[in-house]
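A short write-up of the structure that comes next.
Convention: sequence-line order gives letters A, B, ...; per-chain numbering from 1.
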Amino acid sequence: MNGTEKGTGNGESAFTTRLVALVRKETRQMLRDRSNLAVGLLLPVALILLFGFGLSFDVRHAPIALIMQDRSEGAREIVSGLRGSAYLDPVDVETMEEASRMLRDGRVDAIVQIPSDFARRQVKGGAQIQLILNGVDSTTAQTLEAYVQGAVATAMARQADRGGVVSPGGSVMLMTRTWFNEEGNSRWYLVPGLVVLIMTLVGAFLSSLLIAREWERGTLESLFVTPVQPLELVLAKLAPYIVVGLIDLAMCLLAAVFLFGVPIRGSLLAIVVVSILYLLVSLLVGLLISGVTRNQFAASQVALLISFMPALMLSGFIFDLRNIPIAVRIVAEFLPATHFMGVIKTLFLAGTDWGMVASNSAILIGYILVFTFLTRRTLRKRLD
Amino acid sequence: MSTAAAPSDAVGDLTVACEGLRKVFNGPDGKPFDAVHDLSFSLRAGTISALVGPDGAGKTTLMRMLTGLLKADGGTLKVLGIDVAAHPQAVQDRISYMPQRFGLYEDLSVQENLDLYADLHGVPQDVRAERFKRMLEMTDMARFTGRAAGNLSGGMKQKLGLACTLVRVPDLLLLDEPSVGVDPLSRRDLWEIIEQLIESDGLSVLVSTAYMDEAERCDEVLVMDHGRLLAQDTPTEITARARGLTYLASPAPGTPARDLQARLIDAPDRVIDAVPRGGAVRFIRQPDTPVERLGDLLQGRPVEERGEELEDAFMLLLRQHNAGGKPDAIHEAASQDALVSPAAPDQTEGENVIHVRDLVRRFGDFTAVANTSFDVRRGEIFGLLGPNGAGKTTTFRMLCGLLPATSGTLEVAGVNLRRARAEARRRIGYVAQKFSLYANISVRENLEFFGGAYGLRGPALKQRVQTIVEQFGLDPAATSGALPHGYRQRLAMAAGLVHEPEILFLDEPTSGIDPLARRAFWRTITSLSQSGVTVIVTTHFMEEAEYCDRIAIQDAGHMLALGTPQEVREQAGGDSVDDMNEAFIAIVEQGRAHDAEEKTAA
């Protein structure tokens, strides 16, 4: 054999050779690990179906007590609006006492009272309908509020159409919270958020195993003593999982449009670009956890705890961030998921707000840079 | 060895030069200790050097510092003339390193593993083809290139690891215990490959090993213990240190060599080391004790001088180094063993406690154990030997009632295992290969748990735990996981004995423990056997077969040899073979040749 063989070869081409070799290795490992692949491709399907069909805040056939103290045409129009709703089952009740007893006993979820001066005030403007909700189940209460408001508004609009009494006060009850979700359909609200959850799960959970597994199996020690660079390891580990993430994203978008009929009002390109940025953040969080814990079990637990759970609870997926305490809100603001959640919901339901897309993308890119730097440090070629 | 091929940008002709090298770790008790202490040495290019020393000597730590994976806490270290701490990558570009557990990707095939490492090292395609061909030929793995690395046997994995390490010709090759956990046949193959490559590529090599016969093949030997370098010299010079101290004693006819060995090793102030070998006992006397003063130990048995070997010198160095320090393991164990009820020689000779006839175990259409028959007598030490994948573990698990047999008769302690497994289990103790005790609770709590699991309770349990703690010299309050390796081994054995079983099963009890701890371990086994406990043991260390009354050698599920160590050696090729290692290799090869003949005949 002849003398000196420089392992590094010359600069860029050696870098490419190593990167290609590592990407090939990671891809093969991913494809051969059935259980990991199942988590990557089947779990998102399960989540789409579970959250899309199973988790719905919609309330159907909710019994409400109806006290009609005014039987004018306007009042009857409203009652027929309530009766026509698939979500509500009005029960006629004579007195308030009886109605409140029913509410307390849980036989009805709400009380709607149309006061005796309804017709009179409708003419003057400032007509009122009293809605009493059971605050014990606040989510149902909010939903019911939206339904009743929706039904009342529809009735008003119909009345106006027919050239009946045009009531300036009638529209007071329309609230901004149902702006993008006229039907009060929670699926529209949940499905875009599902993209966030699935990107988080696929990213953080799967990648949290990658570095830890190499520590556990002792493969890193051999790898370190080659000309390989830490950054190459990070990039190679990201590559195959970006493909998995893109497949999941496609599944989410197709399901959103064709299965759940959620509109995509913003730019599809913007959705894809922002999703890829968030996917990278999520994968890097997983890798960082993996590199720090060096233990697959711990890494997967930590990944669930600090990425998936907060994405579920604090990103605005379920709970409106404006209503949470300031301390929790500060935490939420630090979550990459929160920034992605905001922009993706807007892109789905409201349209493209390029300013928002740009600023949130900038935040996500910031996270990508920070996490890449930190992950690279966990792969410094040292054992101590 | 030629130095021509070594590139000479290294300063002088040194591959490694270190001065006052130091590395501090935190011990299991939280106190820092020097894993490598004030180490100064250099290695010349074009030579092969062996690094030997017991567990915890600092061999792996030193290797990792040489590769730049660990940073020294003091001193200077230059590899190939480069300061490793400052430019680890520059060193890594020129060395090849095979860690103890080589990082094969088990889900990648043999070829894919080779390709990966060749790509990472930037081996050009034209060089690669020729190199791979040669590597696959040498490792005899050309047939398996498509097989997943995870499906290779232990020996094959090591060979593949070596091939991946040597996808290119490095300026310095570092091998960390390449033959650990590898059976003698694979070990021999591995060394043939290494030597061929040294020959053809003119490699400079540093290899750490637990085997003295491997160290003997090297140009130079470095002996380490507790982070210190005890000696660096040629094997011949080191061996010479034991000159005139080595003897061979024959035991009384009809008594096992291990009884005489036990007497000798129990007198550490006069005897440095004693091991049974070839039916006799090899021992080393302390330099200041003339052999005449050993009369009471030898009890008139004939003694002759024998030529010194590297292993003798190694034991001498270790004992001398440890003399001043902490109480040594063997002596301690031996004194504790006085508590084991004393020997009742040749008691109940001939009573079989294990009776195996035509035992078969199949997994699908793969026969792991084929038609195996043997008996074990009460109080015997019975060794089960064989290469990796021979069926030892399967046989062992069937004997313990952990795995049902496909067919055949299996009686343990007079109980048919196929019918009354639970009953049989109460009479046996089992010590698994891995430390399977709860690491975060105390020694006493572990023992009480295992006693409880076997139905002991109340004062009887307390009493029994107390007895066994004293017997094994354990600290009952110590946290089990923080014990040094040798003591963990003892605790595992104590847990297996807490219910006073008639038969003790030990699966590879000495793998991964150093020679001193191994001697202490066998000293305890000898005592147990003297008190009437039957011991069944599997091992990779062929010389340990000498402690056994009878051994069985298995390969590919078949029983190739069964008898006393002497009988097995004779079967292997008469008196000339007094080395158990060679006897083992000869028998396995005869068996395989016979098998091949049968196949071609059919």
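Nearest heavy atom pair, residue Gly103(B) against residue Ser222(A), reads N-OG, 2.8 Å. What you find for Lys381(A) and Leu69(B) is that their closest heavy atoms are O-CD2, 3.6 Å. Counting all heavy atoms, side chain and backbone alike, Gly68(B) lies closest to Arg382(A) at O-CD, 3.6 Å. Shortest non-hydrogen contact noted between Tyr105(B) and Glu214(A) is OH-OE1, 2.5 Å. Nearest heavy-atom pair across Tyr97(B) and Val225(A) is CD2-CG2, 3.5 Å.
The pair Glu106(B)-Arg217(A) does not count as a salt bridge, with every side-chain nitrogen at least 4.0 angstrom from each carboxylate oxygen.
Side-chain contact between Arg24(A) and Leu116(B): absent, with no pair of heavy atoms (C-beta onward) separated by less than 4.5 Å. When side chains are defined from C-beta on, Gln29(A) counts as touching Leu108(B), because their heavy atoms get closer than 4.5 Å. Contact annotation: the side chain of Leu22(A) never approaches that of Asp119(B) to less than 4.5 Å [non-hydrogen atoms, C-beta and beyond].
Looking at Leu104(B), the atoms closer than 4.5 Å to chain A (heavy atoms on both sides) all sit in the backbone: N, CA, C or O. Contact of Leu223(A) with chain B is made through backbone and side chain together, with heavy-atom distances under 4.5 Å.
Rounding to the nearest 0.5 Å places CD of Gln89(B) at 7.5 Å from OG1 of Thr226(A). To the nearest 0.5 Å, the span separating OH on Tyr117(B) from NZ on Lys25(A) amounts to 8.0 Å. Between atom CE of residue Met63(B) and atom CD of residue Glu221(A) there is a gap of 11.0 Å, rounded to the nearest 0.5 Å.
Heavy atoms of other residues, nucleotides or ligands lying less than 6.0 angstrom from CZ of Arg44(B) number 12 at most.
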